[in-house]
Participant: 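Next up is a structure, given as C-alpha cells.
In what follows, chains are A, B, ... by sequence order, proteins preceding strands, each numbered from 1. Side-chain atoms are counted along with the backbone in the values below, which use heavy atoms only and exclude waters and symmetry mates. Keep in mind it's a predicted model, so treat the numbers as computed, not measured.
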Protein chains: 2
Amino acid sequence: MLSFFTVDCLIFTFHDGKLKVLLTERNEYPYRDWWAMPGYFVNKDEEMEDAVNRIAYEHTGLKNIYLEQLAALAGLKRHPEGRILTVAYMALVRYDEVKHKIKPVTNYMRQAKWFDVHEVPELAFDHNEILRLGLDKLKRNLHYTMAPYELLPEKFTLTQLQQVYESILGETLDKRNFRKKMSNLGYLKELDEFQTGVSYRAARLYKLDKKKFLKLFS
Amino acid sequence: MLSFFTVDCLIFTFHDGKLKVLLTERNEYPYRDWWAMPGYFVNKDEEMEDAVNRIAYEHTGLKNIYLEQLAALAGLKRHPEGRILTVAYMALVRYDEVKHKIKPVTNYMRQAKWFDVHEVPELAFDHNEILRLGLDKLKRNLHYTMAPYELLPEKFTLTQLQQVYESILGETLDKRNFRKKMSNLGYLKELDEFQTGVSYRAARLYKLDKKKFLKLFS
DNA sequence: AATATAATGTGTATTTTTTACACTATTAAA
DNA sequence: TTTAATAGTGTAAAAAATACACATTATATT
C-alpha cells in the first residue's frame with residue numbers, strides 16, 4: 001500500500017535538423033554506468049509536477065517548460081530492492097534556450113548528453129520503453145498540439161518546421177504539399193524577417209499564432 | 001519519497017444505445033455517500049495491473065478485460081490525510097457478459113450503478129476529471145483502437161456500431177456514409193446471421209476481423 | 001388478410017483533401 | 001563570374017468526405 005515514488009523525465013529538443021533526447025550517465029546502484037533518463041525521488045511535501053520541473057531545471061536551466069505525462073510504471077521487478085513506482089513525463093525545450101554545460105548538482109549522475117532519438121543505447125530500467133511511449137505520443141498528437149513549436153525557436157523557418165514533422169513522423173514529406181497545408185491551417189504568422197548567418201539564400205521566418213491555434217483545437 | 005498507492009478504474013460499457021460508466025457509492029471517509037469510480041489500494045506484493053483487474057473483477061465478475069492506463073494523479077491535497085497517489089485506468093466491458101447484481105465483497109462501498117456518461121453527478125476526489133480524461137482518450141483513439149468492439153457483443157449490428165461511435169464522439173453520423181466507410185476499411189466480417197427478438201426487420205450481424213484490423217494498425 | 005409500425009439497407013453527385021511531381025530564384029562563398 | 005546550397009512556387013489527378021431520400025422487410029395489430 002506504500003511505495004517509493006519517483007518521477008522520470010524525457011527531455012526532447014530539436015537541433016541540427018534532428019530530434020534529440022537528453023540522457024544522463026548513472027553513478028549509482030543499480031545500473032551504475034548506464035545511460036538513463038533524468039529522474040529522481042519526489043520529495044515528501046512536493047507536488048509531482050514540481051518534482052519534474054525541478055529535475056528538468058537541474059538539467060537545462062529552464063523553468064516553466066512544456067510537460068506531458070506519459071505513464072506510471074510500477075512493476076515489482078523494476079528495481080532490485082522492490083517496487084519503485086515512477087511517473088514518466090516528457091518535456092519539450094528549445095535548444096537555443098537550454099543552458100548547456102550545467103554542472104551536475106547531484107552525485108547520482110556523471111554527465112548529461114543529447115542523443116539523436118534514433119541512436120539511443122540500451123538504457124537503465126525500462127527507459128527504452130518509456131522513450132518509445134514518448135515518441136509514439138509525440139507522433140500521435142503531432143497535428144493537435146503545440147509540440148513542434150515548443151521544440152523550435154520562437155521564430156523558425158518552414159524548412160525547420162518540416163524537419164520537426166519529419167523527425168517525429170519518421171518519414172519525409174513533400175515540401176510543396178507541406179507548405180500548402182501549413183498555410184491553409186492559417187495559424188502561422190509570416191514575419192518580415194529572414195534567417196541570418198547562412199551561406200545561401202536566407203529563408204523567411206514564421207511564428208505560431210497561439211490564439212488562432214487554440215481557437216482551432218479547443 | 002514514500003506514498004500510499006491506489007488504482008482507480010473507470011469501467012465503461014455500452015447498453016441501450018448509450019455509453020455507460022460504473023460508479024459506486026462510498027461507505028467510508030472521506031467522501032462517504034458520494035459516488036466514485038471503483039478503486040482501492042494496491043497490495044504490497046501485487047502488480048498494479050493485477051490490482052486493477054481484481055477491482056474490475058469484484059464489480060463485473062469478468063477477468064482479462066480490456067484496460068488502458070489513463071494517468072497518475074498525486075496531488076498533495078487529493079486526500080485530507082495526505083498524498084495518496086492513484087493510477088487511473090479505464091476498462092471496457094461487454095454489457096451482456098457482465099455479472100450484474102454482484103454483491104459488494106467489501107464494505108467500503110454500498111452499491112454500484114451504471115450511469116449514462118453524460119448524466120454523472122459530482123464525484124468524489126478528482127473523479128470527474130478522470131472521467132473526462134477517459135472520454136477524451138476514447139474519442140481521440142477511436143479510429144485506431146478496438147475500443148468499440150470491446151464495448152459491443154461479439155456479434156453486433158452496424159446500427160449498434162454507429163451508436164457506439166456517436167456516443168463516443170458526441171455527434172450524430174450519416175448512416176450511409178458510416179456504412180460505406182466501415183465497409184471500405186475492410187475489417188468487418190459480414191455474417192449470415194441476423195438479430196433476433198426485435199419486432200421489426202432484423203438487422204444483419206457483423207463481427208470484427210481482428211487479424212485484418214491488426215494488420216492495418218501495427 | 002390487410003394495415004401500421006419501426007428500423008434496415010442502399011447510390012450518386014459534389015466538395016474537399018491529399019498526393020505526385022520539377023524548375024527558377026536568391027544569397028554567400030570561392 | 002561561377003559554384004554551391006537552399007528557398008520558394010502551381011497544377012493536375014486521385015482519393016476521401018460529405019450531403020442527401022426512399023424502397024424494403026419483419027413483426028405486431030386490427
Participant: Let me know the distance between CE of M182(B) and C1' of dG9(C), rounded to the nearest Å.
Facilitator: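 Atom-to-atom, M182(B) to dG9(C), this comes out as 17 Å.
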Participant: What integer distance in Å separates H143(A):NE2 from dT18(C):C1'?
Facilitator: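 Those two atoms, NE2 and C1', are 12 Å apart.
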Participant: Counting only side-chain N and O atoms of R176(A), is one of them less than 4.0 Å from OP1 or OP2 of dG8(D)?
Facilitator: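 For dG8(D), OP1/OP2 do not have a side-chain N/O of R176(A) under 4.0 Å.
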Participant: Is the charged tip of K113(A) near the ring of F115(A): under 6.0 Å from the six-membered ring centre and within 45° of its axis?
Facilitator: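 Flagged: K113(A) positioned over aromatic ring of F115(A).
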Participant: Using a heavy-atom cut-off of under 4.0 Å over every strand shown, decide if R204(B) touches base, sugar-phosphate, or nothing.
Facilitator: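 Sugar-phosphate contact only.
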Participant: Are the side chains of I130(A) and M37(A) in contact, using a 4.5 Å heavy-atom criterion?
Facilitator: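 With C-beta onward as the side chain, the pair touches.
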Participant: Looking only at the aromatic ring of each residue, does the gap between the centers of Y206(B) and F156(B) stay below 6.0 angstrom?
Facilitator: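 No - the distance between ring centres of F156(B) and Y206(B) does not fall below the 6.0 Å cut-off.
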Participant: Which nucleotide in the set dA19(D), dG10(D), dA17(D) lies at the smallest distance from any side-chain heavy atom of K181(B)?
Facilitator: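 Among dA19(D), dG10(D), dA17(D), the one nearest the side chain of K181(B) is dA17(D).
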Participant: Please work out if T159(B) contacts a base, only the sugar-phosphate, or nothing of the nucleic acid, heavy-atom cut-off 4.0 Å.
Facilitator: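 Answer is sugar-phosphate: T159(B) comes under 4.0 Å of backbone atoms only.
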Participant: Can you say whether a donor on the side chain of N184(B) sits under 3.5 Å from an acceptor on the base of dA16(D), or the other way round?
Facilitator: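 There is none.
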Participant: Side chain of R201(B), base of dA6(C): donor and acceptor closer than 3.5 Å?
Facilitator: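 Side chain to base: no pair below 3.5 Å.
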Participant: dA17(D) P sits how many Å from R179(B) CZ, rounded?
Facilitator: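 These atoms are roughly 18 Å apart.
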Participant: How many whole angstroms separate atom CZ of F194(A) from atom P of dT27(C)?
Facilitator: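 Taking atom P of dT27(C) as the reference, CZ of F194(A) is at 8 Å.
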Participant: With nearest nucleotide decided by heavy atoms, which residue, V198(A) or S199(B), maps closer to the 5′ end of DNA chain C?
Facilitator: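 Going by which nucleotide is closer to the 5' end, it is S199(B).
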Participant: Looking across every strand, which nucleic acid part, if any, lies under 4.0 Å from D174(B) by heavy atom: base, sugar-phosphate, or nothing?
Facilitator: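 Answer is base: heavy atoms of D174(B) come under 4.0 Å of a base.
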Participant: Just the rounded figure in Å: distance from C1' of dA7(C) to CD of Q162(B).
Facilitator: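 In whole Å, dA7(C) C1' lies 13 Å from Q162(B) CD.
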Participant: To the nearest Å, how far apart are E171(B) CD and dA17(D) P?
Facilitator: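 In whole Å, dA17(D) P lies 13 Å from E171(B) CD.
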Participant: Would you kindly compare Q160(B) and N177(B) by the position of their nearest DNA chain C nucleotide and give the one closer to the 5′ end?
Facilitator: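 Residue closer to the 5' terminus by nearest nucleotide: Q160(B).
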Participant: dT6(D) P sits how many Å from Q195(A) CD, rounded?
Facilitator: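 Checked: the CD to P distance equals 10 Å.
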Participant: Need to verify one output field. Residue with the more 5' nearest nucleotide on DNA chain D, Y206(A) or K175(B)?
Facilitator: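 Going by which nucleotide is closer to the 5' end, it is Y206(A).
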Participant: Using a distance-only criterion (donor-acceptor N/O pair, under 3.5 Å, no hydrogens), is the base of dT17(C) paired with the side chain of K180(A)?
Facilitator: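 Absent.
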Participant: Answer with yes or no whether the side chains of Y66(B) and E68(B) bring together a donor and an acceptor at under 3.5 Å.
Facilitator: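 There is such a pair (donor and acceptor under 3.5 Å, judged by atom type) between the side chains of E68(B) and Y66(B).
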Participant: How many Å lie between CG on L191(A) and P on dG8(D), as a whole number?
Facilitator: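 Those two atoms, CG and P, are 12 Å apart.
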Participant: Is it true that the NZ or CZ of K211(A) lies under 6.0 Å from the centre of F213(A)'s six-membered ring and within 45 degrees of the ring axis?
Facilitator: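 No.
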